[in-house]
Amino acid sequence: MSSSVPPSSVPPSSVPPSSCDCFVSLPPASLASVVLFGKNSDRPRDEVQEIVFRPAGSHPPGSKLKCTYIEVEQVAETLAVLLSRPAWLWGAEMGANEKGVCIGNEAVWTKEPVTEGEALLGMDLVRLALERAPSAQQAVQVITDLLGRYGQGGSCREDPEPLIYHNTFLLCDRSEAYVLETAGPYWAAERIVEGARNLSNQLSISVCPWREHPQLRSHALQQGWWDGQGDFNFSAVYSLEKQPVRMEAAKLRYGAGQELLRMQAGHITVKSMLNILRDKKSGICMDSGGFRTTASMVSVLPRSPDVPCIHLLTATPDPSRSVYKPFIFGPHVTQVPWVLSPSFGEHDPTQQIPRFQTQVDRRHDLYRQHQGALEACKANKQEAEETLRKKQLKLEDENLHWVDTILDPSDSADPVGGSDMFLICVEKELELYKGIGEKQCTHTEV
């Protein structure tokens, strides 16, 4: 039986904050006729994120699917997905599917208590929705249906001391976006058809949600959180009255993110989104208190169905010191081994009860080489770090040139001749790091 834990005590104030930032820009905020999605995944600083590609699949009737902690009913058909995920779990912090749906989740604590029992993680819900939903609106339905049937819960980090939270989600496709915010089984959703929007670890939907849980208001009445008078303001009613320090910091990031979007409204491009996700002054690109931005993603979703969606991922920590690499769904796409963490099967500490009693090395090849190069340059002082950054940006400029070529409807040339673009970009980045750090830091401990 799951037991409730007071929201103010999970995580306790001594635990570093869990923070993420999600962004979406639709015309007319976007300069071009595209929807832009961006997310920084801020997680325990030594946690490794891998990039996972799963092709579309068919599944026999009655199939079960093992998520991070629990089994759910499998559906008959699943879509091809691209996932950026903490290597120890099943779900994903952010990702996309072959239909152009992108989703990112964030931690949130509300008046509704979290529970100690294991259920679906918010990250499991991200992956399940990507696998099952051909549109952002349908993804909202998938998540809310699963939330009602299975609930959300379980520790969200690979550590004996649990970190438990509820979730908010930013979902988008080529035509629109949605914010879905939860408090236990209860939820509210907002539809976005133009302009820009961001999320930062707090409830942000106020009055007149697009849709809501049928008992959202009656539950608040029963709990004494709302008197039933006047407009129902979801964020005001369900948010904690006394905000922990971590939530106050989220307010500052949320405001900074809003301002960065406002300053570029009407002119937001891929590079704009990359710059926002690299902004350290605001805390959006963060490294403090044992947490940091462990992976980052930007997606370009053209309004025209004749132009492919492009997803750029780092697969490495700290976007200000990483290279974004483009991925496009297509017949030549396979799993890139250099960004896939090792598998430990039944010996994985996540599969043993009690969980997380030991640690394993989950670093993939690109992560190792990236961290090794940074350490090698750090040892050789600032000049070497600046030289590495220039080389990284040169690689990224080449990647973005490919992106521009693909998005240009007047240019029919394929810049990689039908090859796997993401694979090529990862291999080029590996070559850069091996030339810098293989002698000194290939085996550097994180």
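- Here the straight-line distance linking atom CG of Leu366 with atom OG of Ser322 works out to 8.5 Å at 0.5 Å rounding.
- Gln138 and Ser135 are linked by a side-chain donor-acceptor pair at a separation below 3.5 angstrom, with hydrogens and angles left out of the test.
- Judged purely by distance below 3.5 Å, without hydrogens or angles, the side chains of Asn167 and Thr182 never pair a donor atom with an acceptor atom.
- Here the side chains of Asn40 and Phe23 are not in contact, with every heavy-atom distance at 4.5 Å or above.
- Side-chain atoms of Tyr178 and Gln137 form a donor-acceptor pair, as typed in the model, at a separation below 3.5 Å.
- A 4.5 Å side-chain heavy-atom check between Met297 and Leu312 finds every atom pair outside the cut-off.
- Between Ala196 and Leu261, the closest heavy-atom pair is CB-CD1, 3.9 Å.
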- [ ] Evaluate the criterion side chain to side chain contact (heavy atoms under 4.5 Å, CB included) for residue pair Trp187 and Leu216; output intermediate values, then yes/no.
- [x] CA-CA 7 Å; Trp187 55 269; Leu216 183 72; over 6 Å; no
Task: Working for side chain to side chain contact (heavy atoms under 4.5 Å, CB included), residues Lys39 and Asn105 - done: CA-CA 9 Å; Lys39 180 184 175 182; Asn105 81 304; 3.4 Å; yes
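- Between Leu170 atom CG and Leu199 atom CG the span is 5.0 Å, to the nearest 0.5 Å.
- Residue Ser204 holds its OG atom at 9.0 Å from CD of Glu106, rounded to the nearest 0.5 Å.
- Atom CD of Gln357 has more than 12 neighbouring heavy atoms from other residues, nucleotides or ligands inside a 6.0 Å radius.
- With contacts defined as side-chain heavy-atom distances shorter than 4.5 Å, the pair Val101/Leu171 does not qualify.
- Residues Ala315 and Ile51 come closest through the heavy atom pair CB-CG1, 3.5 Å.
- Counting only heavy atoms from C-beta outward, the side chains of Phe232 and Leu221 never approach each other to under 4.5 Å.
- Put simply, CD on Glu112 and OG on Ser239 are 13.0 Å apart, with the number rounded to the nearest 0.5 Å.
- Inter-residue side-chain proximity for Asn233 and Asp231 is flagged as unmet; no heavy-atom pair is nearer than 4.5 Å.
- Remark: Glu47 does not engage Arg157 in a salt bridge, criterion side-chain N to carboxylate O under 4.0 Å.
- Tyr186 contributes no side-chain N or O that, together with a main-chain N or O of Ala220, makes up a donor-acceptor pair within less than 3.5 Å.
- Between the side chain of Asp124 and the backbone N or O of Cys67, no donor-acceptor pair lies under 3.5 Å.
- The aromatic ring centroids of Phe356 and Trp88 lie less than 6.0 Å from each other.
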- [ ] Kindly determine whether Gln264 and Ser272 satisfy side-chain hydrogen bond (donor to acceptor under 3.5 Å, both in side chains), including the steps that lead there.
- [x] CA-CA 8 Å; Gln264 301 178 70; Ser272 303; 3.0 Å; yes
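- Here the side chains of Tyr69 and Trp90 are not in contact, with every heavy-atom distance at 4.5 Å or above.
- Without hydrogens or angle criteria, His166 side chain to Ala183 main chain gives no donor-acceptor distance under 3.5 Å.
- Classification of Asp287 and Arg45 as a salt-bridged pair holds, one side-chain N sitting under 4.0 Å from a carboxylate O.
- Using a distance-only test at 3.5 Å, with no hydrogens or angles considered, a donor-acceptor pair links the side chain of Glu98 to the main chain of Ala80.
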Open item on the list: Val336 vs Phe53, test: side chain to side chain contact (heavy atoms under 4.5 Å, CB included). Steps then yes/no.
Closed with: CA-CA 8 Å; Val336 175; Phe53 168 73; over 6 Å; no
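- For the pair Cys156 and Arg43, the tightest heavy-atom approach, listed with the atom from each and the gap, is O-NH2, 2.5 Å.
- His311 and Ser299 are linked by a side-chain donor-acceptor pair at a separation below 3.5 angstrom, with hydrogens and angles left out of the test.
- When side chains are defined from C-beta on, Leu407 counts as touching Ile310, because their heavy atoms get closer than 4.5 Å.
- Nearest heavy atoms, Ile284 versus Leu277: CG2-CA, 4.1 Å.
- Asp318 pairs in a salt bridge (Lys or Arg N to Asp or Glu O under 4.0 Å) with only one of the listed residues (Arg292, Arg278, Arg389, Lys280), which is Lys280.
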Open item on the list: Between Ser30 and Ser25, does the side-chain hydrogen bond (donor to acceptor under 3.5 Å, both in side chains) criterion hold? Intermediate values first, please.
Closed with: CA-CA 6 Å; Ser30 301; Ser25 175; 2.8 Å; yes
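- Side-chain contact annotation: Gln352 with Asp348, donor-acceptor N/O pair under 3.5 Å absent.
- Remark: side-chain polar atoms of Gln152 are not paired, donor with acceptor, to backbone N or O of Leu121 under 3.5 angstrom.
- Within the 3.5 Å criterion, the main-chain N or O of Lys66 finds no donor-acceptor partner in the side chain of Glu71.
- A donor-acceptor pair is defined here as one N or O able to donate and one able to accept, closer than 3.5 Å; no such pair exists between the side chain of Asp397 and the backbone of Leu400.
- Here CD1 of Ile103 is found 4.0 Å from CG of Leu130. Values are rounded to the nearest 0.5 Å.
- One finds a salt bridge joining Glu73 and Lys64 here, because a Lys/Arg side-chain nitrogen approaches an Asp/Glu carboxylate oxygen to under 4.0 Å.
- The shortest side-chain heavy-atom distance between Arg253 and Met286 does not fall under the 4.5 Å cut-off.
- Between Arg54 and Glu131 no salt bridge is recorded (no basic side-chain N to carboxylate O distance below 4.0 Å).
- The pair Glu77-Arg132 fails the salt-bridge criterion, with no side-chain N (NZ, NE, NH1 or NH2) lying under 4.0 Å from an Asp/Glu carboxylate O.
- With respect to the salt-bridge test (charged N to carboxylate O, under 4.0 angstrom), the residues Asp159 and Arg355 do not qualify.
- When all heavy atoms of Ser41 and Gln49 are compared, the pair lying nearest together is OG-NE2, 2.6 Å.
- In this structure, Asn201 contributes its side chain and Ala250 its backbone to no donor-acceptor pair below 3.5 Å.
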Open item on the list: Assess the residue pair Arg362 and Glu50 against the criterion (side chain to side chain contact (heavy atoms under 4.5 Å, CB included)); give the C-alpha distance rounded to whole Å, side-chain angles, the decisive distance to 0.1 Å, and a yes or no.
Closed with: CA-CA 9 Å; Arg362 301 189 187 277; Glu50 59 182 349; over 6 Å; no
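- Across all their heavy atoms, Gly91 and Arg127 have their closest contact at CA-CB, 4.0 Å.
- No donor-acceptor pair closer than 3.5 Å links the side chain of His219 to the backbone N or O of Pro214.
- Taken to the nearest 0.5 Å, the CD atom of Gln74 stands 8.0 Å off from the CG atom of Leu128.
- No side-chain donor-acceptor contact under 3.5 Å links Asn198 to the backbone of Asp21.
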